[in-house]
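What follows is a single structure, written as structure tokens, with notes after it.
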Amino acid sequence: MPDKEKKKLDLNRREMPKQLPEVRRQNFNEDALGYPEETAIQEALRCLQCRNPKCVAMCPVEIDIPGFIKCIAENDFFGGIRVLKNKNLLPAVCGRVCPQEEQCEKGCILSKKGAPVAIGRLERFLADWEAAQGEPEVPPIPKPTGKKVAVVGGGPAGLTVAGDLIKLGHQITIFEALHEMGGVLIYGIPEFRLPKAIVKREVEYLKKLGVEIITDFVVGKTRTVDSLLQEYDAIFVGSGAGLPWFMEVPGENLNGVYSANEYLTRMNLMKGFLFPQYDTPIKNHQHVAVIGGGNVAMDCARTALRLGAEEVHIIYRRSRQEMPARLEEIENAEEEGVIFDYLTLPVRYIGDENGWVQEIECLKMELGEPDASGRRRPVPIEGSNYIIPMDAVVCAIGNSPNPLIPETTPGLEVGKWGNIKVDEETGKTSKDRVWAGGDVVSGAATVILAMGAGRIAARSIHEYLVG
Ligand code: FAD
């Protein structure tokens, strides 16, 4: 390794190769291509191996970041993957979709100089390197404790709870409503950002650890939480926030107006872009408007481009500065040619004689004083209405938890937005032997926060199970 002085001076964060924008907007393959081995080692050598690493403190699942980076720098990739997987069962996923710039990389001491170590890219490198070696190493599982835990939902929160508890010797069954595991990772985040083979590989790893997986099982319909409690010692609810919000403006029932959930599920889970090889079609829209400014909106807009739309607009009521999407995703969309209509609010959708959306009436906005979220409040400019022609609208303004489980589970307390209430320290709900975490508690958030919540709940469930 070079001496410390030399490492301190290396502010040259290594770029990750990507497909060119004009190429990638025409295919569904992953746009970012990952670090080659040599680049990963060079990037790892930039890490200063701080004695009190802020990156770890900023990671919701407490990965030993300097530990795995040191292994890469020393060419010990097996060692690195062991360190990484000790705390994170989904490294290939997190390496791709975590908002590292707001978490671990923000804590990196080199970020003060403007170029933090590319922790996410290194995490992804190790996970992909392991996958290329064939079968993953399975850690030793302790003797069975005889305790049974049911996990509701196969998204990041549920997968983390299952992984943590099986490694402590408990028997785990995941009940998933859909026919595929992975939650939003499989039905929401598009293939070009997170290839589905990666999610499947990480789920397979859990199966190898011994987790039982039951799909097409809707808790609250197939069986209730109370009925599962008769068979299981504890239950973790990680059922996500899959209920889409709409704007409640005239014309939202027109054909061609989708929720982001429907649009992305048709594409990702049902493989609409491969119709008629797959059963679920997706119409070939030419002028698509996506309403919203988060990661979900970026995913919808970039998906529409790849489906062959001639023009795709993001309509957002604030300015670029207030957009909640990751900067990287905004830049990707811009590079690919998505048009951003800032300070714009749709007020009405107008249809043709067959009930298909044809135009959107919009209103221009200006920014006023900051609201409760700290962002400047958008204020309508009176009389600024105008019409834009569009043959599809995708509404990506947010989601809340599906009410099915709370409605069928007496004693489960919920908050104003239908989110399950828990003790933050433990993930325990108001109902005995029931824990919850992830988007169903926090509302739509991030993969790593869902995993962090799963980890907290798993710890508490284990303490309860072992008395
Ligand atoms: P989910 O992933 O929603 O999983 C919940 C699972 O529970 C689902 O599989 C669902 O089918 C199942 N379920 C629901 N009800 C029942 C029931 N009654 N019985 C059985 N099973 C049930 N986060 C990031 O960090 N980075 C990103 O780039 C990013 N991009 C995103 C893009 C999109 C399009 C979307 C929608 C979200 C994105 N997120 C991103 C957010 C992130 O994916 C979620 O915060 C995370 O998946 C939440 O995990 P979860 O386990 O709580 O819930």
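Start at 1 and go down the list; that is how both ligands and their atoms are numbered. Residue numbers count from 1 along this sequence. It should be emphasised that the depicted structure is a prediction, and the values quoted were computed from it without experimental measurement.
In this structure, His285 and Trp356 have tilted ring planes: the angle between them lies in the 30° to 60° band.
Protein heavy atom in closest approach to atom 34 (C) of ligand 1: Leu264 CD1, 3.3 Å. In terms of protein heavy atoms, atom 27 (C) of ligand 1 is closest to Val97 O, 3.5 Å. Atom 53 (O) of ligand 1 has Gly240 CA, 3.3 Å as its closest protein atom, hydrogens excluded (heavy atom only). For atom 7 (O) of ligand 1, the closest non-hydrogen atom of the protein is Gly153 CA, 3.2 Å.
The distance between the ring centers of Phe77 and Phe125 falls below 6.0 angstrom. Residues Phe28 and Phe273 place their aromatic rings such that the two centres sit under 6.0 Å apart.
Within ligand 1, counting atoms from 1 as listed, the ones closer than 4.0 Å to a heavy atom of Ala157 are 51 (O), 52 (O). Remark: ligand 1 atoms within the under-4.0 Å shell around heavy atoms of Leu178 are 11 (O). Under a 4.0 Å criterion applied to the non-hydrogen atoms of Phe175, ligand 1 contributes the atoms 20 (C), 21 (N). In the vicinity of Glu176, heavy-atom distances shorter than 4.0 Å reach the ligand 1 atoms 6 (C), 7 (O), 8 (C), 9 (O), 10 (C), 11 (O), 12 (C), 20 (C), 21 (N). Distances below 4.0 Å separate heavy atoms of Ile189 from the following atoms of ligand 1: 29 (C), 30 (N), 31 (C), 32 (C).
Distances shorter than 4.0 angstrom occur between a heavy atom of Ala445 and an atom of ligand 1. Proximity of Gly238 to ligand 1 is established by a heavy-atom distance of less than 4.0 Å.
The part of Ile405 lying near ligand 1 is the side chain, judged by heavy-atom distances below 4.0 Å. When non-hydrogen atoms are compared, ligand 1 lies under 4.0 Å from the side chain of Asp299 (C-beta onward) but not from its backbone. Residue contacts with ligand 1, taken as heavy atom pairs separated by less than 4.0 Å, do not involve Asn399 at all. If you look at Arg193 next to ligand 1, the close heavy atoms, those under 4.0 Å, all belong to the side chain. Under 4.0 angstrom from ligand 1, the non-hydrogen atoms of Ala450 all belong to its side chain. If you look at Val152 next to ligand 1, the close heavy atoms, those under 4.0 Å, all belong to the side chain.
Checking Glu123, Glu62, Arg455 one by one against Asn88, the side-chain hydrogen bond (donor to acceptor under 3.5 Å, both in side chains) holds for a single residue, Glu123.
Looking at Trp435 and Thr429, their side chains never bring a donor and an acceptor atom within 3.5 Å of each other.
Taking all heavy atoms of Pro156, Gly438, Gly155 into account, the minimum distance to atom 49 (O) of ligand 1 is reached by Pro156.
Note on Arg223 versus Glu231: salt bridge recorded, some NZ/NE/NH1/NH2 to OD/OE distance being below 4.0 Å. Under 4.0 Å is where a charged nitrogen must lie from a carboxylate oxygen, and between Glu101 and Arg326 at least one such pair does. Electrostatic pairing of Arg24 and Glu335 counts as a salt bridge here, judged by a charged N lying under 4.0 Å from a carboxylate O. Salt bridge status for Asp31 with Arg25: absent, with no side-chain N to carboxylate O gap under 4.0 Å. At a threshold of 4.0 Å, the pair Arg124-Asp128 counts as salt-bridged, since one of the basic side-chain nitrogens sits closer than that to a carboxylate oxygen.
Heavy-atom neighbours of Glu262 CD from other residues, nucleotides or ligands within 6.0 Å: above the threshold of 12.
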